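A, B, ... follow the sequence lines: proteins, then strands. Residue 1 opens every chain. If you're wondering where the values come from, they're calculated on a predicted model, not measured in any experiment.
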Amino acid sequence: MEYDYRAIEKKWQGAWKADDIYKVENETFKPKCYVLDMFPYPSGAGLHVGHPLGYIASDIYARYKRLKGFNVLHPMGYDSFGLPAEQYALETGQHPAVTTQKNIDTFRQQLENIGFSFDWSREVRTSDPHYYKWTQWIFLQIFNSWYDHQQKKARPISELIDNFSSQGNGIGFGQKEIDNKFTAEAWNSFSEKEKQDILMRFRLAYSAYGEVNWCEALGTVLANDEVINGVSERGGHPVVKKKMRQWYMRITDYAERLLLGLEQVDFSEAMKEMQRNWIGRSEGAEIDFEIADHSKKLKVYTTRPDTIFGVDFMVLAPEHELVDHITSDHQRKAVEEYLDYVKSRSDRERMAEIKQITGCFTGAYAVNPFDGKKIPIWIAEYVLAGYGTGAIMAVPCGDQRDLLFAKHFDISITNIIGDHYDGNEANPTKEAVLSNSDFLTGVKMAGAIGVVNDKLEELGIGKRKVNYKMRDAGFSRQRYWGEPFPIFYKNGMAFPLDEADLPLELPHVENYKPGPDGQGPLANINDWVNLGEGVSRETNTMPGYAGSSWYFLRYADPDNSKEFASRQATDYWNQVDVYVGGTEHAVGHLLYSRMWTKVLYDLGYIGFDEPFKKLVNQGMIQGSSRFLYRSKKDNAFYSLNKLEIGETGEGFSDHYSKLHVDVSYVDGVTLDLNAFKKARAEYADATFHLEDGNYICAVEVEKMSKSKYNTVNPNELIEKYGADTFRMYEMFLGPIEQSKPWDTKGIEGVFRFLKKLWRLFFDENKGKIWTDEKASNAELKVLHRAIRKIGDDTERFSFNTGVSAFMVCVNELTELKCHKEEVLEPLLIMLSAYAPHIAEELYHQLGNTTSVIKASFPKADNQYLVETEKEYPVSINGKMRTTLTMPLNMTQGDVESQVLSNEIVKKWIEDKPVKKIIYVKGKMVNIVV
RNA sequence: GCCCGGAUGGCGGAAUUGGUAGACGCGUCAGACUCAAAAUCUGGUUACCGCAAGGUAGUGCAGGUUCGAUUCCUGUUCCGGGCACCA
């Protein structure tokens, strides 16, 4: 009987499905474990070998935990709203729901081939009205909340209204400061519109008129993390700043908690660092400077108040509100010209020409509060309106940008750090002792920061301030294929839809073209938008991250029609114990979902405020591309070492073109000429310049993609080797978190391992060869070592060494000719986490009638692991010399007598005095002479 | 520029706490079986010297701590990832 993986896998996949074996109940008597994959966007492209890597890892872990007695939630779903389906709809007129469904079907079929243990009865789709009803509902909860900075939590907006109407917006309540103060009487006399406008400044989901990242090609705005180097993340289209009314998530209010929460979760240090950088916390001070001959003050933000006597000029962002007010008549023309110039420049140009120094003097002067020095006020685009106060105090000797600016515009430079400044390069040190600094002269900078801060606060002209780089997240998209906002407008005010009217379903549209004035397609449907009597709907839709910010909660209770999930269900399943996915969501999805979780926690809907306890980032599987060189003169291909001009040589690209060749035509680096010639007629009669009879291709590691002809399809590998081999090989490639190029070569080794395992059970001639005889100690020792190693490795996500441990175990059993059921059955149970099909088949062959999936992970028994005697390596001065058999539980004295009686050691030591004998953790004896 | 990772045979990688570096797999070499091939099995495979036993060197590079360092410390080079006018 041969290892017929095709029949086995088909048989068991069918049986498992028929038995609903992966269906999981919200039980409470077993300990729970929640193992989650980042759900995919169902694109039409199909899977390549890189996609299932994380799914296989999480599946192994989920199966392992099940064997360990946990009630494991391991669901899968689809992030099915999004741009590609809509763009496809624009081109073909096909409804996005149709293409999405088709893609999901393909996706599901490919996943099932691999034998995952998902509980499909809990599948969620963000584009399903039963799901997005609750996305809309949560949006309304966020809309109806504000952030209390005293209690550091979200609270219902109604409590803020109560406070306003009883006490105004005085201090003492945790609302943040806004510039217009009002009393309770004033509040009560405000018009509805005035009240709503004020409340909008507190809501955690709010609409505001602001600069957004507008992408003309995509016809929509993008969140900050969706813009990379001034172009869109998706498609690489140019992005410009545009003023529009938009919805936002007030994620900045959660900046502090998002930062602190990182301490409690088990994410990689790199991931935490990325989030910290994105949040960008900095400690500093806001300082008010008087402006000569003006009543208004200039507020700047600095992290280095200690350098206040080194301030040689001020810089405002061109958009700063004071610019118009303070510009002198003499400078007005120059300033206006400069502002026109700034407006004409796109973000992209600004970034490309980052070194270019531009700016303009306003003609106004600020006054140093300590020594009364007059400081010229400039405007320049290197100061950003959106950060701090949009104005800085420039200290050329300590900040390189300020220095370059000062030199470019010939502003005199004050040196306050003595030798630390060399006149060429600014030095941002905190170690220097201050000079030219009035009362700070002679004080070390690091200490001076506190001194200045105290003085500023004492004089009431400044205060300590923490700033964050992170901005509020844009939440509107001018698209069709997303969640409609449950919002309508009346008299210019936004109102929430009644909960009973949810879900607000996407209406059908004739086409998917954008609406007028940069609005989304929904704006074209008059009937839907206009509700009569001046009431109209919001025509934007929510961004992709809306549905993905809470889906992990829905899996706990996916069919609930009364709540997004019952409190009982979310209390039971609680946090995701292990979340597996790529690093690309570091600052997007992971921050948004952390924020939503915190809001829901604050409002009392769930009992935890970090969604993911542990995060595992699987590395990217890169493609290994192969290239051919074709002469540009004639139809001739040159093998890598037959090129007449080397790749780096002059005129190379005039002589040759370098073409991607489909990796399926290449074995290693050798081109399969026959297959290649057959592929296209133009190749059939080409000439080939070979080396040693072969065509050798060039190799490069690139991203895996169809256009580079370097994709490898899992279905083909499964067809050739089976799903179990495929699963184990993907894990065997290397550490799960590491990126690595795909190489199919080694898969044979894993395939051989499974065939070898099979032969422990079946012999070609004799058939069944296992027996129920008692296993020898040697055999049990092999088994129990494997149990411990595989258990440990699986627990800590070290699946590559886990696979190796199986190989070692089977090799050793083969050597021992061990066919004992007593040993083989526990091995199969462990293997079922990695290679479920073959494990299930052999488990049944052994006579079991229940599924191996429901078995228990074996326990390692110490009596087979602990030896009473052990071979110790003995070294002299750290150099390995010999081994010595000694009892395991020996004391230091035993070591000495044993060691000294050893003939080989005696010879080595000769007459030298023994200074020390070191006995190390049962592993080694070292003699120091 | 700043912040994180990483560097180990021909290749992917292992070494869980400072304790026999190179597990496991690929590739390769030799052998067995076979008319032959495939499949399978056995053995070798870090380099150098040696028939062998064995010896010497060896985890990017230069130092240090230690009886002992892939592991800890200092400096340095290269590679990968992230951020990038954030005051």
Side-chain angles (χ1 to χ4, degrees), chain A residues 2 228-229 268-278 280-282 284 300-304 307 315 350-351 353-357 380-384 386-395 398-402 404-405 428 467-471 583-584 586-587 619-620 668 701 728-729 732-735 737-750 752-753 755-756 759 764 789 792-793 795-796 798 800-809 811 814 871-883 915-929:
Chain A
E2 274 207 334
I228 314 260
N229 292 328
S268 72
E269 214 27 63
M271 173 64 58
K272 288 185 183 181
E273 207 49 41
M274 265 189 248
Q275 295 209 1
R276 286 190 198 114
N277 283 341
W278 185 260
R281 181 181 199 272
S282 73
V300 303
Y301 176 71
T302 179
T303 53
R304 297 299 300 274
T307 61
V315 188
R350 270 176 82 154
M351 290 201 196
E353 299 156 18
I354 213 155
K355 297 257 150 56
Q356 197 179 316
I357 298 163
E381 56 179 346
Y382 84 88
V383 172
L384 306 174
Y387 183 73
T389 60
I392 62 155
M393 54 180 229
V395 183
D399 184 293
Q400 188 62 16
R401 292 159 301 179
D402 297 346
L404 292 173
F405 193 89
N467 263 335
Y468 298 94
K469 270 193 243 178
M470 186 168 63
R471 312 289 154 83
T583 3
E584 66 272 19
V587 293
M620 235 201 336
V701 173
M728 289 195 99
Y729 183 57
F732 187 66
L733 277 177
E737 305 216 303
Q738 193 171 303
S739 288
K740 55 233 154 190
W742 176 262
D743 178 12
T744 303
K745 275 261 146 130
I747 198 168
E748 294 278 353
V750 175
R752 264 173 224 154
F753 154 73
K755 285 190 284 190
K756 204 166 181 177
R759 286 197 304 272
E764 246 180 286
K789 175 88 174 120
D792 283 359
D793 286 348
E795 192 72 63
R796 66 189 173 100
S798 178
N800 56 330
T801 54
V803 173
S804 295
F806 278 113
M807 290 175 171
V808 172
C809 179
N811 284 345
T814 303
E871 288 245 300
Y872 284 85
V874 178
S875 69
I876 292 140
N877 288 345
K879 303 252 176 194
M880 236 296 290
R881 300 297 179 194
T882 182
T883 59
K915 286 187 189 144
K916 218 180 350 177
I917 292 185
I918 302 162
Y919 161 62
V920 190
K921 292 173 191 164
K923 283 182 184 168
M924 171 111 193
V925 175
N926 191 43
I927 301 166
V928 187
V929 293

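One finds no side-chain N or O of A:Arg276 lying less than 4.0 angstrom from the OP1 or OP2 phosphate oxygen of B:G82. Between A:Gln400 and B:G1 there is no side-chain N or O to OP1 or OP2 distance below 4.0 Å. Between B:A87 and A:Tyr387, a contact under 4.0 Å exists linking OP1 or OP2 to a side-chain N or O. In this structure, A:Ser282 reaches the B:A87 phosphate: one of its side-chain N or O atoms is under 4.0 Å from OP1 or OP2. Considering only side-chain N and O atoms, A:Asn800 lies nowhere under 4.0 angstrom from the phosphate OP1 or OP2 of B:A23. Between A:Lys755 and B:U40 there is a side-chain polar atom (N or O) within less than 4.0 angstrom of OP1 or OP2.
Rounded to whole Å, the P atom of B:U45 lies 12 Å from the corresponding atom of B:A52. With both ends at atom C1', the span from B:C51 to B:A38 equals 37 Å, rounded to whole Å. Across B:U71 and B:A15, the matching P atoms stand 15 Å from one another, rounded to whole Å. Only the C1' atoms considered, B:A69 is 11 Å distant from B:A21, to the nearest whole Å. B:G25 and B:A14 have their P atoms separated by 15 Å, given to the nearest Å. For the P atom pair drawn from B:C33 and B:G10, the interatomic distance equals 34 Å after rounding to whole Å. Between B:U28 and B:A39, the two P atoms lie 12 Å apart (nearest whole Å). With both ends at atom C1', the span from B:U59 to B:C4 equals 23 Å, rounded to whole Å.
Contact annotation for A:Arg471: base contact, defined as any heavy-atom pair under 4.0 Å involving a base atom. Residue A:Pro741 is out of contact with every strand shown, counting any heavy-atom pair closer than 4.0 Å. Within the 4.0 angstrom heavy-atom criterion, no nucleotide atom of any strand lies near A:Asp402. Note on A:Ile918: a base of the nucleic acid sits closer than 4.0 angstrom, heavy atoms only.
The CD-P distance, from A:Glu269 to B:G81, rounds to 20 Å in whole Å. One interatomic measurement links the two molecules: CG of A:Asn811 to C1' of B:G43, which rounds to 14 Å at whole-angstrom precision. The separation between A:Arg759 atom CZ and B:C41 atom C1' is 8 Å, rounded to whole Å. The distance between atom CG of A:Asp743 and atom P of B:C26, rounded to the nearest whole Å, is 12 Å. We find that CD of A:Glu748 is positioned 21 Å from P of B:C11, with the value rounded to whole Å. In this structure, A:Glu737 atom CD and B:G12 atom P are separated by 19 Å, rounded to whole Å. What separates CD of A:Glu795 from P of B:U16 is a distance of 18 Å, to the nearest Å. Between A:Leu733 atom CG and B:C11 atom C1' there is a gap of 13 Å when expressed in whole angstrom units.
With B:C24, B:A87, B:U40 as the choices, the nucleotide that has an atom nearest any side-chain atom of A:Arg752 turns out to be B:U40. Distance from the side chain of A:Lys756 is smallest to B:C41 among B:A87, B:C41, B:G19. For A:Met807, whose side chain is taken as the heavy atoms from C-beta onward, the closest listed nucleotide among B:A87, B:U40, B:G25 is B:G25. In the set B:U16, B:A14, B:A84, the nucleotide with an atom closest to the side chain of A:Arg796 is B:U16. Checking B:C24, B:U16, B:A14 against every side-chain atom of A:Lys789, the shortest atom distance belongs to B:U16. Ranking B:A87, B:A23, B:G25 by closeness to the A:Val808 side chain, first place goes to B:A23. Among the nucleotides B:G12, B:G13, B:A87, the one closest to any side-chain atom of A:Gln738 is B:G13. Nearest nucleotide to the A:Met274 side chain, out of B:U16, B:G82, B:U40: B:G82. With B:A87, B:U16, B:A84 as the choices, the nucleotide that has an atom nearest any side-chain atom of A:Asp793 turns out to be B:U16.
Base pairing analysis places B:G27 opposite B:U45; the two distances defining the Watson-Crick or G-U wobble pair are each below 3.5 Å. Pairing for B:A14 is absent, with no Watson-Crick or G-U wobble pair whose two atom distances lie under 3.5 Å. Nucleotide B:G68 is matched to nothing when pairs are restricted to Watson-Crick or G-U wobble geometry with both distances under 3.5 angstrom. Under the Watson-Crick and G-U wobble criteria, each requiring two contacts below 3.5 Å, nucleotide B:A53 is left unpaired. Nucleotide B:A32 is matched to B:U40 when pairs are restricted to Watson-Crick or G-U wobble geometry with both distances under 3.5 angstrom. Nucleotide B:U59 is matched to nothing when pairs are restricted to Watson-Crick or G-U wobble geometry with both distances under 3.5 angstrom. Nucleotide B:C78 forms a Watson-Crick or G-U wobble pair with B:G6, both donor-acceptor distances falling under 3.5 Å.
Salt-bridge formation is not detected for the pair A:Lys755/A:Glu748: no Lys NZ or Arg NE/NH1/NH2 atom is positioned less than 4.0 Å from an Asp or Glu carboxylate oxygen.
The backbone N or O of A:Val395 sits less than 3.5 Å from a side-chain atom of A:Asp402, completing a donor-acceptor pair. A donor-acceptor contact shorter than 3.5 Å is absent between the side chain of A:Ser798 and the backbone of A:Asp793. Formation of a donor-acceptor pair under 3.5 Å by the A:Arg759 side chain with backbone atoms of A:Thr814 is not found in this model.
Residue A:Val928 is the one, among A:Ile392 and A:Val928, whose nearest nucleotide of RNA chain B lies closer to the 5' end (criterion: closest heavy atom). In terms of position along RNA chain B, the nucleotide closest to A:Thr801 lies nearer the 5' end than the nucleotide closest to the other residue of the pair A:Thr801 and A:Thr583.
In terms of the side chain to side chain contact (heavy atoms under 4.5 Å, CB included) criterion, residue partners of A:Gln275 (sequence neighbours excluded) are, by chain and number, A:Leu262, A:Phe267, A:Met271, A:Leu590, A:Leu591, A:Arg594.
Checked by atom type, the side-chain pair A:Asn277/A:Lys469 shows no donor-acceptor distance below 3.5 Å.
Taken from CG in A:Asn877 to NZ in A:Lys915, the straight-line distance is 7.5 Å, to the nearest 0.5 Å. For the atom pair OH of A:Tyr387 and CE of A:Met470, the computed distance is 12.0 Å after rounding to the nearest 0.5 Å.
Base orientation at B:G9 is syn, since its O4'-C1' glycosidic dihedral falls within 90° of 0.
Note on ring orientation: taking the six-membered ring where Trp is involved, the planes of A:Phe753 and A:Phe806 are tilted (angle from 30° to 60°).
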